[in-house]
Amino acid sequence: MTTIARGTDTLTRDALTVLQPGFTGTTAPDWLLRRLGEGLASVGLFGRNIVSPEQLSSLTAQLRTERPDVLVAIDEEGGDVTRLEARTGSSFPGNHALGAVDDVELTHAVARELGRRLAACGVHLNWAPSADINSNPDNPVIGVRSFGADTGLVARHTAAYVTGLQSAGVAACTKHFPGHGDTAVDSHHALPRIDVAADVLQARELAPFRAALAAGTRAVMSAHILVPALDPDRPATLSRPALTDLLRGELGYQGLIVTDGMEMRAVSGTYGIEHGSVLAVAAGADAICVGGGLADDETVRRLRDALVAAVRSGELPEERLADAAGRVRELAAWTANGTTGDTAPDPGAGLRAARRALTVTGGEFTPLTEAPYVAAFTPVANIAVGDETPWGVAAELSTLLPGTLTGSFTGDAAGTDALAAAGERRLVAVVRDEHRHPWMAKALTTLLTARPDTVVVEMGVPQSPPRGHLHVATHGAARVCGRAAAEVIAGA
């Protein structure tokens, strides 16, 4: 039966309201401002849109001139995934470092300070935290974005992060429902599949989301993963059993459901972004995130028209689209009220957490007093992290030991190339998820065989046994983690 639309203008505005598009540039383009006037209610920001806090504040003010209650969202996890500090590295350690410390008050303080900085720049929806349990050490996309592999630990820190962020007036968007941790495939590239029994899913994956819901998370982000225990046919983002029956019904969640990026291949490669967006809203999603890769007016127009056409054909119930748009406006109203809570500045929270997160292994160590050579064994960054954000310890060591030199190495010859480049200097080897990269493990063996006094810094998940004269596990590659490691190496 064909649904009778309430009116083209209302229908079009609702279709625009459920979109969360991105754009290019550091000022809002004319097409985006025009769409805000037509009904668009949300905008997503990425590293390409941000140069400085002052510029970001000007940008969000520009958006609010066109629409005062616009919902400005960002993918700012801290740690490896940063948009505020994409060009320098984050001032905050990520989830894995916070989980390694296991102090929920510290997690709350870090999230609150991050939220305070976002709110000060006019951003009031953060696509964070990741509530995924790092149950698969070969996971190529979660890793240090997870608080850890223990269900209880992940649950309590997810709740602490949500309350900390929202105490600063920034809505948390807990992700990636129903849990992206037990995958060996990156959903940016293909469709991951999680083959676990329903009771395992309930006891493990869903526990952190229950904690987030109990903590009052204002938004939840769906995952582009196939979970046959929930739905054997469609990924969670497009699955009514996952979003409506489980999240809304069984778990009783009434806040905003946001999709992960619809241009990710797990959805776009099979369904296309237009049909995928229609299916997502029909399944129970309220906001369509798009703009990490597709960031133009044509994309907005295509998705708007697809939603309108689906309502007119009866594929998408008009009431479902109206309900989704209403939830977006409800969250926009919450953020527009300027809820701030406890937002006293705590500028040292990030470094304090990074220092406490270090795991230092080895015998008696004499700090370096002369500038070393830092060999960074660099894997291909996953898309969520991006390759524009610097990482490592060289920059921080340079401030403590002026004259420090560095180079980046990869592939089978990485170890011998690093030895040749270092010359007679003391070596500091920096790795990231050594356990996932055989070439990296081989390179490290080459260095340690030739130079047993090499200092090793692991900035990923420390799954491999520690080795080296000194081994420092930072549990993340944020700039602040590099600073904490450099302090140990230089005895600062």
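Side-chain atoms of Glu85 come within 3.5 Å of backbone N or O of Ser91 as a donor-acceptor pair. No donor-acceptor pair under 3.5 Å is formed between the side chain of Glu263 and the backbone N or O of Ser268. Remark: the backbone N or O of Leu256 is not paired with any side-chain donor or acceptor of Asp286 at under 3.5 angstrom. In this structure, the side chain of Asn49 engages the main chain of Phe46 through a donor-acceptor pair within 3.5 Å. Gln62 places no side-chain N or O within 3.5 Å of a backbone atom of Ser58 that could act as its donor or acceptor partner. At least one donor-acceptor pair closer than 3.5 Å links the side chain of Thr445 to the backbone N or O of Ala441. For the pair Arg210 (side chain) and Gln202 (backbone), a donor-acceptor distance under 3.5 Å is present. Between the side chain of Ser146 and the backbone N or O of Gly143, no donor-acceptor pair lies under 3.5 Å. Judged by distance alone, with hydrogens and angles left aside, the side-chain atoms of Arg426 form a donor-acceptor pair with the main-chain N or O of Asp453 at under 3.5 Å. Between the side chain of Arg83 and the main chain of Glu77, no donor-acceptor pair closer than 3.5 Å is present.
Ring-plane geometry between Phe209 and Phe177 is classed as perpendicular, the angle between the planes exceeding 60 degrees on a 0 to 90 degree scale with a lower cut at 30. Ring geometry, Phe365 versus His469: the interplanar angle falls from 30° to 60°, so the pair is classed tilted. The aromatic rings of His180 and His176 sit perpendicular, their planes meeting at an angle over 60°, well past the 30° parallel limit.
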Between Thr174 and Thr217, is a side chain to side chain donor-acceptor pair (under 3.5 Å) present by the stated rule, with each step listed? CA-CA 7 Å; Thr174 305; Thr217 188; 3.0 Å; yes
Verify side-chain contact (heavy atoms from CB on, under 4.5 Å) between Trp127 and Cys289, making sure each step is shown before the conclusion. CA-CA 10 Å; Trp127 295 319; Cys289 177; 3.8 Å; yes
Could you walk me through whether Asp102 and Arg156 pass salt bridge (charged side-chain N to carboxylate O under 4.0 Å, His left out), step by step? CA-CA 9 Å; Asp102 195 12; Arg156 62 179 172 266; 2.9 Å; yes
Verdict with reasoning, Val104 to His157, per side-chain contact (heavy atoms from CB on, under 4.5 Å): CA-CA 6 Å; Val104 291; His157 286 277; 3.8 Å; yes
Walk me through whether Val51 and Leu56 qualify under side-chain contact (heavy atoms from CB on, under 4.5 Å). CA-CA 7 Å; Val51 174; Leu56 178 55; over 6 Å; no
Going through the distances and angles, do Asp80 and Arg432 end up as a salt bridge (charged side-chain N to carboxylate O under 4.0 Å, His left out)? CA-CA 11 Å; Asp80 291 31; Arg432 197 169 180 174; 2.8 Å; yes
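Here the side chains of Glu330 and Arg218 are not in contact, with every heavy-atom distance at 4.5 Å or above. Between Gln20 and Leu125, the closest side-chain pair of non-hydrogen atoms falls below 4.5 Å. The shortest side-chain heavy-atom distance between Asn95 and Val144 does not fall under the 4.5 Å cut-off. When side chains are defined from C-beta on, Ile74 counts as touching Ile50, because their heavy atoms get closer than 4.5 Å. Contact annotation: the side chain of Val457 never approaches that of Val431 to less than 4.5 Å [non-hydrogen atoms, C-beta and beyond].
The OG atom of Ser222 lies 5.5 Å from the CG atom of Leu243; values are rounded to the nearest 0.5 Å. To the nearest 0.5 Å, the span separating CD on Glu458 from CE on Met440 amounts to 7.5 Å. Considering CD1 of Ile288 and OG1 of Thr259, their distance stands at 4.5 Å, rounded to 0.5 Å. Taking CZ from Phe409 and CG from Asp417, the interatomic distance works out to 6.5 Å, rounded to the nearest 0.5 Å. In this structure, the separation between OG1 on Thr107 and CG on Leu165 is 12.5 Å, given to the nearest 0.5 Å.
For Arg479 and Trp391, the positive end is not near the middle of the six-membered ring at less than 6.0 Å and at most 45° from its axis.
Tested against Val393, the residues Val472, Val430, Val455, Leu400 include a single side-chain contact (heavy atoms from CB on, under 4.5 Å) partner, Val430. With Ile225 as the partner, the side-chain contact (heavy atoms from CB on, under 4.5 Å) test is satisfied by one option alone out of Ile194, Leu230, Thr237: Ile194. Checking Arg117, Arg352, Arg116 one by one against Asp346, the salt bridge (Lys or Arg N to Asp or Glu O under 4.0 Å) holds for a single residue, Arg352.
Checking Thr410 against Thr378 by side-chain atom types alone, no donor-acceptor pair falls below 3.5 Å.
Within a 6.0 Å radius of CZ in Arg234, no more than 12 heavy atoms belonging to other residues, nucleotides or ligands are found.
Listed by chain and residue number, Arg356 satisfy the salt bridge (charged side-chain N to carboxylate O under 4.0 Å, His left out) test with Asp103 (two or more places apart in sequence, or in another chain).
Annotation: salt bridge (Lys or Arg N to Asp or Glu O under 4.0 Å) contacts involving residues 462-475, sequence neighbours excluded, comprise Glu434-Arg467.
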